[in-house]
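One structure follows; several queries about it will come next.
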Amino acid sequence: YNEILYSSQILSEDGIIGLDDCTNYSDDPRQLNEVLNSVTSFLANNKNWHVAYYSFNDAGWPNIYLSKIKQNHHQV
């Protein structure tokens, strides 16, 4: 959480925070991922931020990108 908060403070107004592999599976499926929890907490406490993009890398792990700027959605 602190890393996301710090990044949000040093970015330009149109900056984007990207997090690779934002979910992960552990040996215990009941254990929540720290990165996903941090993103959720950050968005809950910083209402001017939102998910700008969500994608999957070549290995199939999800990536999430946060922004303060509302994006126009385009189909790819």
Side-chain angles (χ1 to χ4, degrees):
Y1 176 86
N2 290 333
E3 290 86 356
I4 300 171
L5 182 61
Y6 177 70
S7 296
S8 72
Q9 294 169 348
I10 63 171
L11 280 176
S12 63
E13 280 296 312
D14 58 349
I16 293 176
I17 298 171
L19 299 151
D20 291 333
D21 303 339
C22 69
T23 61
N24 206 347
Y25 297 102
S26 68
D27 294 334
D28 182 357
R30 296 170 297 172
Q31 182 181 15
L32 295 175
N33 179 270
E34 182 180 343
V35 174
L36 190 56
N37 283 338
S38 296
V39 169
T40 301
S41 295
F42 176 79
L43 293 174
N45 293 318
N46 297 277
K47 301 294 186 188
N48 57 332
W49 284 82
H50 67 280
V51 175
Y53 304 102
Y54 192 82
S55 66
F56 294 91
N57 65 20
D58 293 342
W61 293 102
N63 304 312
I64 194 165
Y65 302 88
L66 310 176
S67 175
K68 285 195 275 188
I69 305 297
K70 294 286 185 187
Q71 303 290 329
N72 292 328
H73 298 284
H74 300 283
Q75 285 187 328
V76 179

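We number each residue from 1, following the sequence as shown. Not measured: the values here are computed from a predicted model.
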| field | Any residue meeting side chain to side chain contact (heavy atoms under 4.5 Å, CB included) with Ser8, in chain and number order, not counting sequence neighbours | value | Leu5, Ile17, Phe42, Trp49
| message | Any heavy-atom pair between the side chains of Asn48 and Asn46 that's under 4.5 Å? | response |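 Yes, at least one pair of side-chain atoms sits under 4.5 Å.
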| request: Go through the structure and list residues passing side-chain hydrogen bond (donor to acceptor under 3.5 Å, both in side chains) with Gln9, not counting sequence neighbours. | output: none
| said: Show the nearest heavy-atom pair for residues Ala52 and Ser67, with the distance to one decimal. | reply: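 For Ala52 and Ser67, the tightest heavy-atom pair comes out as CB-CB, 3.7 Å.
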| task | Report yes if some heavy atom in the side chain of Leu19 is under 4.5 Å from a heavy atom in the side chain of Ile4; otherwise report no. | result | yes
| query | Just how far is it from atom CG of Leu11 to atom CD1 of Ile16, taken to the nearest 0.5 Å? | reply |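 Output value for this atom pair is 9.0 Å.
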| task | Output all residues satisfying ring pair (Phe, Tyr, Trp, His ring centres under 6.0 Å) with Phe56, sequence neighbours left out; order by chain, then residue number. | result | Tyr54
| said: Tyr1 vs Val39, test: side-chain contact (heavy atoms from CB on, under 4.5 Å). Steps then yes/no. | reply: CA-CA 7 Å; Tyr1 176 86; Val39 169; over 6 Å; no
| Asn57 side chain to Ala59 backbone, donor-acceptor under 3.5 Å |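 At least one qualifying donor-acceptor pair exists.
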